[in-house]
Amino acid sequence: MLESDFASERRAMVAGQLRDRGIDDERVLAAMGRVPREAFLDEGDRPRAYEDAPIAIGFGQTMSQPFMVALIAQAADVRPGRKILDVGTGSGYAAAVLADLGAEVHSIERIPELAERATDRLGAAGYAGVRVHVGDGSLGVPEAAPFDAITVAAAAPRLPLTLYEQLVLGGRLVVPIGRRHTQRLEIAIRSPEGPAVLHSVPCRFVPLVGERGYRRSGRR
Ligand code: SAM
């Protein structure tokens with residue numbers, strides 16, 4: 001496919017999958033209109049880059065559906081200069097969107113091969129400033145904390161307090177909570193009285209596997 005075909009599919013994705021479904025943060029819409037989603041896929045999968053669905057990226061993992069990437073970025077209230085932790089790098093696409101919004105982005109992935117591939121693709125797409133860490137993101141990245149927002153692209157069994165504690169006061173943790181088939185995207189704002197939790201939409205993500213997530217079997 002030609003560059004111009006991807007660009008026109010990207011515009012259609014922003015209009016039809018995001019704006020028409022209620023994403024109304026113009027900065028998020030503009031970032032999603034700039035980041036080349038196809039650059040985070042293997043060559044053979046690129047024609048599917050703008051499908052309204054998650055896309056398999058190997059190791060049983062997926063690149064999230066464009067709408068979920070936009071919803072999470074919007075909920076995290078990403079602004080230039082803010083420090084964001086993206087848990088579950090996967091393809092690197094969501095990290096690129098957060099970086100395109102002007103944030104200082106740390107991203108953590110538990111599967112080293114995915115982290116390495118994402119690092120290469122982020123660099124090639126012009127987002128070399130994203131720091132990709134390898135490890136258990138359910139424990140956060142304490143050495144880089146505190147964060148203005150933490151976004152999680154995998155479902156946790158309950159609100160991950162270890163991540164919450166790595167937020168600044170007023171910072172936001174955006175995380176899918178629930179079991180394999182029944183999850184909700186939740187937004188927890190750090191406050192002196194404890195987490196102020198806003199419930200958002202139903203969603204479906206792969207499990208967060210780790211010490212503060214699900215064990216490998218998916219049970220906790
Ligand atoms: N945001 C990604 C993208 O744009 O491609 C989507 C990532 S995919 C839905 C979720 C990712 O979370 C997978 O790559 C998976 O390996 C990773 N993951 C699951 N549990 C994790 C953990 N405890 N720490 C770090 N990464 C984890």
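Each ligand, and each atom within it, is numbered from 1 in the order the structure gives. We use all heavy atoms of the structure for the numbers below, so side chains are in, but hydrogens, waters and symmetry mates are not.
- With sequence neighbours excluded, the residues that form a salt bridge (charged side-chain N to carboxylate O under 4.0 Å, His left out) with R121 are D42.
- Residues satisfying the side-chain contact (heavy atoms from CB on, under 4.5 Å) test with A7, not counting sequence neighbours, are R10, R11.
- A side-chain N or O of E38 and one of Y50 form a donor-acceptor pair less than 3.5 Å apart.
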Which pairs of nitrogen or oxygen atoms, taken one from ligand 1 and one from the protein, are under 3.5 angstrom apart?
| from | atom 1 | to | atom 2 | distance (Å) |
| --- | --- | --- | --- | --- |
| ligand 1 | 1 (N) | G88 | O | 3.4 |
| ligand 1 | 4 (O) | A94 | N | 3.2 |
| ligand 1 | 5 (O) | S91 | N | 3.0 |
| ligand 1 | 5 (O) | S91 | OG | 2.6 |
| ligand 1 | 14 (O) | E109 | OE1 | 2.7 |
| ligand 1 | 14 (O) | E109 | OE2 | 3.4 |
| ligand 1 | 16 (O) | E109 | OE2 | 2.7 |
| ligand 1 | 20 (N) | V209 | N | 2.9 |
| ligand 1 | 23 (N) | D136 | OD1 | 3.0 |
| ligand 1 | 23 (N) | V209 | O | 2.6 |
| ligand 1 | 24 (N) | G137 | N | 2.7 |
| ligand 1 | 26 (N) | R110 | N | 3.3 |

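- For the pair E109 (side chain) and I111 (backbone), a donor-acceptor distance under 3.5 Å is present.
- In this structure, R190 forms a cation-pi arrangement with Y164, its terminal cationic atom sitting closer than 6.0 Å to the ring centre and no more than 45° off the ring axis.
- Scanning for salt bridge (charged side-chain N to carboxylate O under 4.0 Å, His left out) contacts around D100 gives R34, with sequence neighbours left out.
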